[in-house]
Amino acid sequence: MLQLNYIRENKEDVVKRLAVKHFKDAESIISSVLELDAKRRNTQKDADAVKAEANTIAKQIGELMKSGKKEEAEQQKTKTAELKQKEKELDEALKSTETEIHKLLVQVPNLPSTKVPAGRTPEDNEVVFEHGSKPNLTADALPHWELAAKYDLIDFELGVKLTGAGFPVYKGKGARLQRALINFFLDRATAAGYLEVQPPILVNEDSGYGTGQLPDKEGQMYHVGIDNLYLIPTAEVPVTNIYRDVIVKESDLPIKNCGYTPCFRREAGSYGKDVRGLNRLHQFDKVEIVQIAHPDKSYETLEDMREYVAGLLKELELPFRTLKLCGGDMSFASALTYDMEVWSGAQQRWLEVSSVSNFESFQTNRLKCRFKGADGKTQLAHSLNGSALALPRIVAGLLENNQTPEGIKLPKALVPYAGFEYIN
RNA sequence: GGAGAAAUGGCAGAGCGGUCGAAUGCGGCAGUCUUGAAAACUGUUGAGGGUAAUACCUCCGGGGGUUCGAAUCCCUCUUUCUCCGCCA
């Protein structure tokens, strides 16, 4: 959520930057917000004045009672009825104005950073880095779902039986590879200074709201109605919400957390070749890195995180590229996002395996995650996160790119974790 | 799941319905002292709104109520603790 006082002071700029995100009605929504904001402040001023008067009278009555002047006290009491009525009306008006402002404000996406390219579609994303060369596979190279069947690594049909489409069952070396990747990612993150946390994978409404999944993306999350809890779509939700309503020490910044969790996404409406095999699942595993950073340093932090993720992909010996997302392709809450895509040799396409974003104060404003600066003032911290990494498409890339007549050869870095060099 | 107790500032812990944003201790910060540190002493130390700055307003787990006036009384929800039951 954007900060109201920023909007108040930078209306033109806000509208201009929202255009980069192709947000419709920016002008009219922002204008309404500002109008309501002015109204709110007026109403509050009136309400405060009434309350001040009522407080004064109440104090006077107290004095009078104490000094035994009961009649005078009673007389004062008669004055209060009208004030109380007024107070009630003003408070209600205030509340409803605040609600209106809030309703509008939650619809407004984050402002893109000035470095964001102006495009509209994924084609307009900017390739900022490429690494590794695409494997020379023969024409009969198999896509990962066929490899998974051939080596009995993943059983998609069994998942359908147990749960439904999009819930694969990993078996044997397939299961072991999952475990290896999770441990590999967690070990690397820990070595890079991230504190490992193991959060709940069900969260309450406040948490869903804090990171912005609620209210707008309610349909994307699995909801446990009986307890009103949500299955997390990413560890970002519980891990970032650790810092909800927290004022951290400036000297503790940046705070670096990582966590492995299963992730659950309803992905309603997806179909076709995009969702074949491991390309898109309802349940998948991911290690997430999250940082709470000083506002002056958050873009350095973002670059650090991007490089950290790139380092993982290099260790996994996967050809990848890094994209800077254009305004039209960025998520609602992000100010700047890098996507990391791995080349999938048999499918002949790029698969997104990580998304690293700086949310600036967009999330922390909702979360009320602040720090006290050197000047003694509390201000919002910046939050960032990135996948490091999401497993399924990594597995897809590993299987497809490394297929040989002898079997699938694992990258060196994974061998100690997996306990085998070849899947055959 | 059943029965009881509780929820106050970073922590601990007071708080007769009016003078309580809240005693006191610890911690934090600043200063004095010291070559430096520790100790001791002095001061300072919650958040939000509002203002040019003051005033002023709100917040003692959440929500509602009683009252001229609520941290204090009532209702309700949530959470925690103790006892019982169940259980990986």
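Residue numbers begin at 1 in each chain, while the letters A, B, ... track the order of the sequences.
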Under a 3.5 Å limit on both distances, the Watson-Crick or wobble mate of B:A39 is none
Taking the nucleotide of RNA chain B with the closest heavy atom to each, which residue, A:G62 or A:K372, is nearer the 5' end?
A:G62
On the nucleotide B:C57, are OP1 or OP2 found under 4.0 Å from the side-chain N or O atoms that A:N55 carries?
yes
May I ask you to evaluate whether A:K45 reaches the phosphate of B:G49, defined as a side-chain N or O under 4.0 Å from OP1 or OP2?
no
Pairwise C1' distance, B:A71 and B:G9 [rounded to whole Å]:
13 Å
Flag yes if more than 12 heavy atoms outside A:K86 fall under 6.0 Å of its NZ atom; otherwise flag no.
no
Check this for me: does any side-chain nitrogen of one of A:E341 and A:R393 sit under 4.0 Å from a carboxylate oxygen of the other?
no
Paired with B:G4 by Watson-Crick or G-U wobble geometry, both distances under 3.5 Å: which nucleotide is it?
B:C81
Using atom C1' of each nucleotide, how far apart are B:A12 and B:G63 to the nearest Å?
29 Å
Separation of B:U67 atom C1' from A:K88 atom NZ, nearest Å, is 15 Å
Between B:C57 atom P and A:Q44 atom CD, what is the distance in whole Å?
12 Å
Using atom types as modelled and distance alone, determine if a side-chain donor or acceptor of A:T378 lies under 3.5 Å from a backbone N or O of A:K372.
no
Give me the distance, rounded to whole Å, that separates B:C74 from B:U67 when you measure between the P atoms they each carry.
16 Å
Check the surroundings of atom CD in A:E82: do more than 12 heavy atoms from other residues, nucleotides or ligands lie under 6.0 Å from it?
no
Can you tell me how far C1' of B:G69 sits from NZ of A:K77, to the nearest Å?
9 Å
Round to a whole Å and report the spacing from NZ of A:K86 to C1' of B:C68.
16 Å
Could you give the distance separating B:C11 and B:G46 at their C1' atoms, to the nearest angstrom?
13 Å
Would you classify A:I57 as touching base, sugar-phosphate or nothing, given that sugar-phosphate means primed atoms plus P, OP1 and OP2, and contacts are heavy atoms under 4.0 Å?
nothing
Would you mind checking if A:E27 and A:K11 are paired as a salt bridge, meaning a charged N to carboxylate O distance below 4.0 Å?
yes
Applying a 3.5 Å limit to both distances, which nucleotide forms a Watson-Crick or G-U wobble pair with B:U24?
B:A12
Just do the side-chain hydrogen bond (donor to acceptor under 3.5 Å, both in side chains) check on A:E360 and A:Y299 with the steps written out, would you?
CA-CA 9 Å; A:E360 296 191 3; A:Y299 279 93; 2.5 Å; yes
State the pairing partner of B:G69; accept Watson-Crick or G-U wobble contacts with both distances under 3.5 Å, and report none otherwise.
none
Could you work out the separation of B:C77 and B:A22 based on their C1' atoms and round it to a whole Å?
26 Å
OP1 or OP2 of B:A47 under 4.0 Å from side-chain N/O of A:K368:
no
With a 4.0 Å limit, can you tell me whether A:R40 has a side-chain N or O closer than that to the phosphate oxygens OP1/OP2 of B:G50?
yes
Just N and O in the side chain of A:R370: are any of them under 4.0 Å from OP1 or OP2 of B:G46?
no
Ignoring the backbone of A:K51, work out which of B:G49, B:U67, B:C57 is nearest its side chain.
B:C57
In whole Å, what is the span from the NZ atom of A:K377 to the P atom of B:G49?
11 Å
Where each residue is assigned the nucleotide of RNA chain B containing its nearest heavy atom, which of A:R41 and A:E87 is assigned the position nearer the 5′ end?
A:R41
With C1' as the reference atom in both, quote the distance from B:A14 to B:A23 in angstrom, rounded to an integer.
6 Å
Would you kindly give the CG-to-C1' distance between A:N42 and B:C56, to the nearest whole Å?
16 Å
Would you measure the distance from the P atom in B:G15 across to the matching atom in B:C73 and give it in whole Å?
12 Å
Remember a base hit wins even if backbone is also touched, and classify A:K59 as base, sugar-phosphate or nothing at under 4.0 Å, heavy atoms.
nothing
Any base atoms under 4.0 Å from A:Q76, or only sugar-phosphate, or nothing? Heavy atoms, all strands.
nothing
Length of the CD-C1' vector between A:E63 and B:U19, whole Å:
7 Å
B:G18 versus B:A30 - spacing of their P atoms, nearest Å
39 Å
Checking base pairs now: Watson-Crick or wobble, both atom distances under 3.5 Å. What partners B:C87?
none
With a 4.0 Å cut-off on heavy atoms, is A:K95 in touch with a base, just the backbone sugar-phosphate, or nothing at all?
sugar-phosphate
Below 4.0 angstrom, N of the basic side chain to O of the carboxylate: do A:D37 and A:R40 qualify?
yes
Which nucleotide, in any strand shown, forms a Watson-Crick or G-U wobble pair with B:G46, with both distances under 3.5 Å?
B:C59
Donor-acceptor pair present, A:D48 side chain and B:G49 base, under 3.5 Å
yes
Please give, in whole Å, the distance from B:U78 P to A:D227 CG?
12 Å
So, OP1 or OP2 of B:G48: does either fall under 4.0 Å of a side-chain N or O from A:T378?
yes
Any salt bridge between A:K103 and A:E100, counting N to O under 4.0 Å?
no
